[in-house]
Amino acid sequence: MEKKARREREILMRHQYQASYGSVCLRPLAEQDVEALRILRNKNKQFFYSDTEITQEQQEQWFKRYLAKKNDIMFAVYAQIENTDMFAGATALYNMSDTRCEFGRFVIDDSFRGRGLGRDALVATMGIAFGQLKMKSMHLSVLECNCRALDLYERLGFTVIGKEDIDGKRALVLNAVASEFLSRRV
């Protein structure tokens with residue numbers, strides 16, 4: 001019985017990576033963040049490959065599947081505003097190999113627009129990938145129509161390396177290299 005309880009705790013605490021940069025703090029996505037993430041994702045569904053509305057049940061099932069994955073880590077983004085930590089969004093690193101990972105599931109609440117939280121969250125996530133996890137490169141896909149995100153990625157050193165169609169939507173594939181990120185350390 002004790003072994004089963006320990007295993008359940010390990011699954012619920014799959015990763016311990018945390019980072020702060022600027023006005024944000026990244027911490028492991030936890031069960032208490034799941035509903036806020038679902039609501040935020042549904043408000044921004046036009047920027048995801050699947051633009052269907054996600055139900056609470058679907059989100060809970062997704063979270064259980066996420067917890068079972070070994071090469072997928074997700075972060076809740078908390079904004080530090082007026083001495084209060086507020087849930088502001090999420091980021092993730094997944095499809096991780098020994099030297100390369102994919103960045104995505106990136107969403108920041110529009111109510112925080114103009115404060116640089118998206119930039120801070122991305123820099124903190126890149127710091128974890130390139131610093132703590134020792135990845136050599138990071139790639140991502142972004143819908144061509146998401147100009148704001150594309151501009152942010154390019155400002156932080158990502159370069160376009162290709163194009164792809166995903167679920168009938170046109171996307172750009174971008175890549176960033178650890179040595180360049182670490183040498184310019186935003």
Side-chain angles (χ1 to χ4, degrees), residues 8-82 84-96 101-126 128-129 138-150 152-153 164 166-172 174:
E8 287 175 2
R9 279 194 309 277
E10 288 172 4
I11 289 172
L12 290 174
M13 298 186 65
R14 281 192 342 79
H15 77 87
Q16 302 269 332
Y17 300 104
Q18 297 187 44
S20 294
Y21 185 85
S23 298
V24 303
C25 177
L26 301 184
R27 64 171 180 72
L29 186 72
E31 193 169 355
Q32 71 258 20
D33 305 314
V34 172
E35 179 60 10
L37 177 58
R38 181 188 74 84
I39 292 166
L40 183 56
R41 189 259 181 222
N42 283 341
K43 283 187 351 188
N44 291 278
K45 62 186 175 186
Q46 73 274 19
F47 297 117
F48 289 84
Y49 296 118
S50 171
D51 57 8
T52 58
E53 194 85 8
I54 305 297
T55 66
Q56 275 186 306
E57 184 179 328
Q58 289 170 321
Q59 186 76 353
E60 289 167 7
Q61 291 170 356
W62 166 84
F63 187 64
K64 287 178 184 172
R65 287 190 308 272
Y66 156 70
L67 290 174
K69 293 182 179 180
K70 300 224 184 297
N71 67 346
D72 189 336
I73 58 176
M74 200 145 175
F75 303 95
V77 176
Y78 276 82
Q80 299 167 345
I81 298 174
E82 299 172 7
T84 304
D85 286 343
M86 302 172 72
F87 178 83
T91 72
L93 298 170
Y94 49 97
N95 295 331
M96 293 186 285
C101 64
E102 186 169 352
F103 170 81
R105 301 183 197 131
F106 184 35
V107 61
I108 298 292
D109 194 316
D110 276 346
S111 65
F112 296 105
R113 183 178 282 168
R115 296 176 188 240
L117 298 184
R119 177 186 181 278
D120 291 352
L122 179 54
V123 170
T125 307
M126 292 173 80
I128 290 171
M138 175 190 300
H139 66 281
L140 62 88
S141 296
V142 61
L143 294 176
E144 243 177 0
C145 65
N146 195 346
C147 297
R148 227 176 37 186
L150 182 59
L152 172 63
Y153 298 141
E164 61 186 357
I166 300 174
D167 295 333
K169 295 182 179 183
R170 197 85 172 124
L172 298 172
L174 290 87

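What you see is a predicted model, and the numbers here were worked out from it, not measured in a lab.
L40 CG to I54 CD1: the interatomic distance, rounded to the nearest 0.5 Å, is 12.5 Å. Atom-to-atom distance recorded for R170:CZ and L143:CG is 11.5 Å, nearest 0.5 angstrom. Atom CZ of residue F63 and atom CZ of residue R38 lie 15.0 Å apart, to the nearest 0.5 angstrom. Between atom OG1 of residue T125 and atom CG of residue D120 there is a gap of 10.5 Å, rounded to the nearest 0.5 Å. Distance check: N44 CG to D110 CG gives 5.5 Å after rounding to the nearest 0.5 Å. The line from CZ of R148 to OH of Y153 is 10.5 Å long, rounded to the nearest 0.5 Å.
Of all heavy-atom pairs between V24 and A121, the closest is CG2-N, 3.7 Å. Closest of all the heavy-atom pairs between T91 and M74 is O-CG, 3.4 Å. Heavy atoms only, all atoms of each residue included: G118 and I108 are closest at CA-CG1, 3.8 Å. Nearest heavy-atom pair across F112 and A79 is CE2-CB, 4.2 Å. Residues L26 and A124 come closest through the heavy atom pair CD1-CB, 3.6 Å. Between A90 and L37 the shortest heavy-atom distance is CB-CD1, 3.7 Å.
The side-chain heavy atoms of L117 and S23, taken from C-beta on, include a pair separated by under 4.5 Å. At a threshold of 4.5 Å between non-hydrogen side-chain atoms, the residues Q18 and P28 count as touching. Within the 4.5 Å cutoff, no side-chain heavy atoms of K43 are placed close to those of V107. In this structure, the side chains of L152 and L122 come closer than 4.5 Å at one or more pairs of heavy atoms. Between R27 and D33, some side-chain heavy-atom pair lies under the 4.5 Å cut-off.
Although no hydrogens or angles enter the test, the distance criterion places no donor-acceptor pair under 3.5 Å between the side chain of H139 and the main chain of F103. Panel note: side chain N42, backbone E53; no donor-acceptor pair is recorded below 3.5 Å.
Note on ring orientation: taking the six-membered ring where Trp is involved, the planes of Y78 and F87 are perpendicular (angle over 60°, cut-offs 30° and 60°).
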Practice problem: Take Y17 and L93 through the test side chain to side chain contact (heavy atoms under 4.5 Å, CB included) and record every step on the way to the result. | Solution: CA-CA 11 Å; Y17 300 104; L93 298 170; over 6 Å; no
Exercise. Kindly indicate, with the supporting measurements, whether the criterion side chain to side chain contact (heavy atoms under 4.5 Å, CB included) is fulfilled by Y94 and R105.
Key: CA-CA 10 Å; Y94 49 97; R105 301 183 197 131; 3.8 Å; yes
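A donor-acceptor pair shorter than 3.5 Å can be found between the side chains of E57 and Q61.
Surrounding CE of M96 are more than 12 heavy atoms belonging to other residues, nucleotides or ligands, all under 6.0 Å away.
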